[in-house]
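Notes for the one structure printed next.
Just so it is clear, the values below take in all heavy atoms, side chains as well, and ignore hydrogens, waters and symmetry mates. So you know, we letter chains A, B, ... as the sequences are listed, proteins then strands, and number each from 1.
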Amino acid sequence: MSNYFFEILRAGINTTFQDRGRFHMQHFGVTPGGCMDLDSFSIANALVGNSLNEGVLEFAYQGPLLKLIKGRTKIAMTGNVLFQIIKSNEEKLMGECNRTYILEEGDQIDILATKQSAYGYMALEGGFDVKPFCKSVSILSRAQIGPNEGKKIKINDKINIRTNSQNKKNFSTKVINNNQNLIRVLKGPQFDYFSKESQKDFFSKEYKISNLTDRMGMRLEGTIMKNVVSANIRSEGITKGAIQVPADGQPIILLTDYPTIGGYPKIANVTSVDYNLLIQKTPGAKIFFKLIELREAEQLYKEHLKSILEIIKNIKEIN
Amino acid sequence: MIKKLNNIGDCGIVCDFGEEVNREINTSVIKLFHHVKQEVLKGNLKGILNYTPSYNKLIINFNLEEINSSKIIDFLTSVDFSKLHLSQNSKKWTIPVCYDFEMDLENMSKTLKINKDEIINIHLNTDFFIYMVGFIPGHPFMGDLDSKLFLNRLKTPRVKIPAGSVGVVEKFCNIYPYESPGGWNIIGRTPTRLFNKENESSPCLLSPGDSVKFKSISKKEFEKLANE
C-alpha cells in the first residue's frame, strides 16, 4: 500500500471502483459488471495517461466529496458532471469535464451532480491502489465482490492512490454529448412470443424510464407487451442489454450487473453502439426503439469505436 | 446436438439444444461448454468473455472489438460432438448436510404423504448432476430428484434464508451460497462454502457438469465444520 490517499467526506449515491469488468466467471454465477459507460471510462484513463483498463471511480447522480490528505495527483473527470475543486486555501474552482487537473495535498474535489445523465467517472494518474479480485477491481455490491470488501464507497473511507504525481502538464479533449432518444435494438430470441400488435407497438410507442433503475436493470413504463406463447422460459444465460418482458408486460432492460441467468422471454437486445447512450438516460426520460439488423449493428459499433479512438487521439496539452 | 444457433444481441450467441430438459441434453450442453472454455484458455478462440451453460442452452458472450457472431458460428458448426468428453473435466463431490436445519419437512411430509425420514433417505440416495450454476455466485441447480418428491415453490417466498440452506423444487435441488430471499422448500443446511472470496484461483466450488452426493451429519459435526 502507498502512503498517498484521499479521504471520503461524502460518499455520494452509488460510488464504486470499476474497470472493464470481470470475465470468464458467468458460469459460476458471477456477472461481469464493470463500468456502465465504457466510453467515458476509456477517455478518463486516456486523459491521465493510464492503460485503458485501469480502475476508476464511478458515481451516479450525486458523486462523492474527496479530500486529498496526502500526496499530489492528477485527475480527469468524464461524463457530464458538475464539480468543483476546493483548494486548501478555500479558493473554489468550477471543474470542466474531459480535461485534467492537478490536486495538491489538502485539496478537495466536490462532485456535485451528473447533468442530464446518470454516470460519471474520475480517473487519476497511476490509478487507485486497490486489490483486484479475479483480475478486476470492479465492485459488485450485490455479491460483495471486489475491492473495499465489495461494498460501495462510504463516508470516512480512505482511498489509497498508487503514485505521487510529479507531472505538471494538463491535457484535454473534446467530447460531444449525444442526447438522442432513439435506441437501436436487435430482435430477441423470443421476439415471436409477442403478438403482432405488440411487436408493432414496441417499435413505435415511447417508453419512459422508471425510478426502478440501477446498475442491474432498467424498468420501463409504456405500452404493455402481450405475450401469446408463455410468460416463462427455461432459465438461460443473459447478455448485457437484453430486454425481457415478465408477465406484467412491462419491459425490463438488463444492464451491466445483470443476473447471470434468467427465465423471462426477451423481445429484443440493445445494440452495443447505443448501450452507453441508454444507460446515461435518467428516470423520466422517454425513449423509442428502432429495429436494425446484426450486420448494421456491427458496422455502427465499429464506427463508434473509431470515434472514441479519435477523441483519445485528440488529447492535447493545455496551459 | 445443437438444434439452432442464433445471435442474441450483437455480442452474444445462443446454442440451443432443443426444448426438452433432461440430463442427456444438458450433458451435451456441458460438453460444449467445457470445449469452448478449453479453447479459450488455450488461446485458440480470442475475444470470448463468458460461456454460460443452462439446462438446454449455451450462451457465449464476446467482445465485439475482437470477434463477431459469424466467426463464432463458424467455430461452433465445426465442433465434432463425437469427440467431446465430459468425464475428464467433471468432479464428484460429497457435500455434508444437516437435516436438523430443515424448515419445510413437516409440510412436505403432509403434502407428499411420505414420512420425513423417507424424504431424507431419497435425498441422500440421489446422485445429483449439476445442470448449471448461477443467478448469484456459486448457486447450483441440481437434478434429478425422484418424482415422488416433486413439489412447487413456496406460495410466499421467504425474505431470508440462511447461507448453506439446501432446498428442493420439482426435480431440482439447490444450495443457497449466501443468505438470501427464496422460495424453495428447505430440507437442511450444509456448512460447506460454495463461494469463497479468499480462494481467488478457484473461488467457486461447484461447476456445471459436476456431480454431488449428500452425506448426513449431526448438528455437532455441522458446528465443527462450519468453524473450520
Side-chain angles (χ1 to χ4, degrees), chain A residues 20-32 34 131-135 140 142-146 149-150 184-189 233-243 259-263 266 268-273 275 292-302 304-305, chain B residues 4 6-16 19-21 30 33 36-37 40-41 48-65 68-70 131-141 177-178 180 194-195 197-198 200-209:
Chain A
R20 294 189 81 84
R22 189 176 283 111
F23 301 104
H24 308 289
M25 291 184 79
Q26 192 169 335
H27 58 283
F28 289 145
V30 180
T31 198
K131 197 173 165 266
F133 172 72
C134 292
K135 295 180 187 154
L140 198 57
R142 268 195 183 76
Q144 303 208 335
I145 282 174
E149 288 162 20
R184 288 163 290 192
V185 300
L186 299 178
K187 262 186 201 172
I233 56 167
R234 283 284 168 195
S235 288
E236 61 183 39
I238 295 287
T239 47
K240 191 162 103 172
I243 308 178
T260 61
I261 50 173
K266 291 173 276 291
N269 208 107
V270 176
T271 54
S272 295
V273 64
Y275 183 80
I292 63 170
E293 293 297 324
L294 178 63
R295 296 286 164 263
E296 191 185 354
E298 290 175 345
Q299 191 53 38
L300 287 166
Y301 187 64
K302 247 184 217 162
H304 176 77
L305 280 180
Chain B
K4 269 188 293 181
N6 284 109
N7 68 293
I8 172 164
D10 52 24
C11 44
I13 290 287
V14 49
C15 316
D16 192 338
E19 281 309 301
E20 252 180 283
V21 171
I30 308 265
F33 155 70
V36 171
K37 193 177 159 193
V40 171
L41 291 178
I48 306 291
L49 300 177
N50 274 305
Y51 15 80
T52 316
S54 57
Y55 300 114
N56 54 345
K57 291 185 183 105
L58 178 70
I59 307 269
I60 298 174
N61 299 90
F62 55 90
N63 181 354
L64 195 47
E65 292 175 41
N68 62 29
S69 297
S70 69
Y131 282 97
M132 58 183 186
V133 175
F135 193 65
I136 48 173
H139 179 249
F141 291 83
Y178 299 101
S180 55
L194 299 191
F195 196 85
K197 285 187 277 187
E198 311 306 315
E200 197 174 337
S201 62
S202 163
C204 188
L205 189 70
L206 308 173
S207 190

Problem set entry | Partner of Pro53(B) by side-chain contact (heavy atoms from CB on, under 4.5 Å), out of Val36(B), Ile59(B), Leu58(B) | Leu58(B)
Seminar exercise, completed: With chain A, the option among Ile48(B), Thr52(B), Leu49(B) that has the most non-hydrogen atom pairs under 4.5 Å is Leu49(B)
For this session: Could you check which of Cys204(B), Pro137(B), Pro140(B), Pro177(B) has the highest count of heavy-atom pairs closer than 4.5 Å to chain A?
Result: Pro137(B)
For this session: Ignoring hydrogens and angles, state whether a donor on the side chain of Asp10(B) or Thr271(A) is under 3.5 Å from an acceptor on the partner side chain.
Result: no
Exercise. Using a cut-off of under 4.5 Å for heavy-atom pairs, which of Asp16(B), Ile136(B), Asn6(B), Leu205(B) has the most such pairs with chain A?
Worked result: Ile136(B)
Problem set entry | Nearest heavy-atom neighbours spanning Tyr301(A) and Ser272(A) | CD1-CB, 3.5 Å
Exercise. Would you say the ring centroid of Phe141(B) lies under 6.0 angstrom from that of Tyr131(B)?
Worked result: no
Exercise. What option among Ala242(A), Ser235(A), Gly188(A) has the most heavy-atom pairs under 4.5 Å with chain B?
Worked result: Ser235(A)
For this session: Using a 4.5 Å cut-off on heavy atoms from C-beta on, say whether the side chain of Cys11(B) contacts that of Thr239(A).
Result: no
For this session: With a 4.5 angstrom heavy-atom cut-off, could you sort out which part of Lys37(B) is near chain A: side chain, backbone, both or neither?
Result: side chain
Problem set entry | Per-residue contact mode, Ser201(B) against chain A (heavy atom under 4.5 angstrom) | neither
For this session: Measure from the ring center of His139(B) to the ring center of Tyr178(B) and say whether it is less than 6.0 Å.
Result: no
Problem set entry | Which of Leu140(A), Leu294(A), Val30(A) touches chain B most, by non-hydrogen pairs under 4.5 Å | Leu294(A)
Problem set entry | Contact class of Lys266(A) relative to chain B, heavy atoms under 4.5 angstrom | side chain
Exercise. So, for Leu186(A) and Glu293(A), which heavy atoms are closest and what is the spacing to 0.1 Å?
Worked result: CD2-C, 3.5 Å
For this session: Indicate yes or no: does Arg20(A) engage Glu65(B) in a salt bridge with an N to O separation below 4.0 Å.
Result: yes
Exercise. Top residue by heavy-atom pair count (under 4.5 Å) with chain B, among Pro32(A), Cys134(A), Ala143(A), Ala297(A)?
Worked result: Cys134(A)
Exercise. So what's closer than 4.5 Å to chain A heavy atoms on Lys197(B): side chain, backbone, both or neither?
Worked result: both
Exercise. Pick from Gln144(A), Lys240(A), Arg142(A): which one has the most heavy-atom pairs with chain B under 4.5 Å?
Worked result: Gln144(A)
